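The shown structure was predicted, so the numbers you read here are calculated from the model rather than taken from an experiment. Below, chain A is the first sequence line, B the second, and so on; all start at residue 1. The basis for the numbers below is simple: all heavy atoms, side chains too, and nothing from hydrogens, waters or symmetry mates.
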There are 2 protein chains.
Amino acid sequence: MPDIDIVLVEPLYEGNVGFAARVMKNFGFASLVLTDPCELGDDAYARASHAGDVLENAEVTTLDEVFRRSHLTVATTGEVSKSVCTPMRMPYYTPAELRGMIADIDGRVSIIFGRENRGLENAEVRRCDLICTIPASPDYPILNLSHAVGIVCYELAHLPRGSYQLASREDMECLYRHIDHFLDLIGHQNFKRENTMILLRRLVSRTNLTSREVSTLHGLMRRTAWRIKK
Amino acid sequence: MPDIDIVLVEPLYEGNVGFAARVMKNFGFASLVLTDPCELGDDAYARASHAGDVLENAEVTTLDEVFRRSHLTVATTGEVSKSVCTPMRMPYYTPAELRGMIADIDGRVSIIFGRENRGLENAEVRRCDLICTIPASPDYPILNLSHAVGIVCYELAHLPRGSYQLASREDMECLYRHIDHFLDLIGHQNFKRENTMILLRRLVSRTNLTSREVSTLHGLMRRTAWRIKK
């Protein structure tokens with residue numbers, strides 16, 4: 001992934017800048033760039049919460065400087081052209097598409113967000129290399145600035161869930177054999193057995209059991225068998 | 001998709017409730033449910049902005065009622081168990097995985113978000129059917145409530161980008177023929193031609209040209225040819 005700068009153009013409300021810093025840090029981004037920002041006081045730091053460092057280290061500079069040093073600039077916009085004949089804001093990409101497009105770039109990518117009240121001006125959009133738009137409801141497509149930053153950061157980070165170990169193939173076959181014996185024990189009829197086992201295999205398979213869950217199921221069947229035999 | 005309720009358990013700050021209402025509406029969700037909420041005053045409505053209707057129609061009820069009427073309940077949590085041996089918050093799914101899991105449900109699904117300061121209690125998580133966790137940076141994994149609501153709504157809505165018409169196959173072949181003629185015109189050498197045409201085809205193909213862009217390129221080559229011949 002490239003180095004990513006989140007650039008807020010002339011943000012008007014310090015609360016939004018604070019929230020933007022927080023959600024950036026939530027997804028592992030640290031480089032916040034501001035052009036001609038509002039004053040950042042207590043409210044900004046309160047909303048940044050444990051991301052005060054991102055706010056503290058925010059760089060205040062000009063949009064000219066951003067364009068000068070970036071390998072790629074991305075304008076985020078809520079308004080999209082209705083026609084391919086207006087190249088200003090077209091074609092546009094979703095944050096997920098953008099992730100794919102910049103994934104292999106070795107360089108500096110600036111994602112540029114406009115003012116809360118009127119977004120980016122045409123003259124600013126014109127200078128950007130790509131347009132990114134978050135698909136939203138036509139009933140109310142305008143996101144709060146910090147929520148837009150959050151969704152773009154979420155998509156670009158695309159953090160792994162982290163993995164948990166599922167039960168092994170062997171564990172699962174052992175579980176199915178145990179279930180089969182258990183059906184014997186409760187007198188489940190043989191002529192139905194194959195279909196019932198298929199049904200149970202389908203049911204169990206779609207739950208993606210962990211090894212802990214498998215051993216709990218073994219335990220419950222053993223305990224039940226013990227009560228039956230007693 | 002099922003009917004989706006966004007449930008906020010005992011929210012403490014009206015600003016967060018207002019922002020949650022706004023970002024819900026941004027992604028087409030309208031059903032906001034609150035249990036024992038803080039008072040909702042000017043600040044909530046200011047942050048809801050054009051989603052005052054979502055706030056106005058929010059239902060205040062109990063978590064018991066939510067569990068009673070939901071076909072499926074999903075606990076959202078920032079803390080995940082470290083081991084498969086603690087089934088309380090394990091296994092957990094990302095918002096994107098959750099979308100796939102509930103896509104075909106015909107019924108009511110409640111997505112439950114905890115308090116700003118201490119999330120959901122174990123006793124509440126225990127009653128839920130599924131656990132959903134937004135993958136976040138280990139440095140600061142706790143999202144603001146409204147940002148968490150926003151990312152879950154964004155993923156569940158999964159709104160289409162909307163499409164724009166790319167240039168047709170025919171348009172593209174016509175463009176490549178024009179480029180080939182143009183190379184003749186500027187005296188590009190024949191022995192290099194095949195490789196150069198392949199390079200240009202690769203380059204042009206990955207830009208996914210619109211029909212407008214194709215006709216602008218034709219126009220530029222025609223104009224250049226006219227200047228050369230003059």
Which value, rounded to the nearest 0.5 Å, describes the distance between A:M24 atom CE and B:Y140 atom OH?
13.5 Å
Between atom CG of B:L143 and atom CZ of A:F19, what is the distance when rounded to the nearest 0.5 Å?
11.0 Å
Of the listed A:A157, A:S215, A:S49, A:P138, the one with the largest count of heavy-atom pairs under 4.5 Å with chain B is A:S49
Under 4.5 Å, counting heavy-atom pairs only, tell me which of A:G150, A:G28, A:G15, A:S146 racks up the most with chain B.
A:S146
Please flag which part of [X] lies under 4.5 Å from any non-hydrogen atom of chain A: side chain, backbone, both or neither.
{"X": "B:L166", "result": "neither"}
{"X": "B:D53", "result": "neither"}
{"X": "B:A30", "result": "neither"}

Got more than 12 heavy atoms from elsewhere within 6.0 Å of [atom1], [X]?
{"X": "B:H158", "atom1": "NE2", "value": "no"}
{"X": "A:D106", "atom1": "CG", "value": "no"}
{"X": "B:E56", "atom1": "CD", "value": "no"}
{"X": "B:E39", "atom1": "CD", "value": "no"}

Is the backbone N or O of A:I151 less than 3.5 Å from a side-chain atom of B:Y154, with the two atoms forming a donor-acceptor pair by type?
no
For B:I142, does its backbone N or O pair with a side-chain atom of A:N26 as donor and acceptor, under 3.5 Å?
yes
Given that the side chain runs from C-beta out, which part of A:A167 has a heavy atom under 4.5 Å from chain B: side chain, backbone, both or neither?
neither
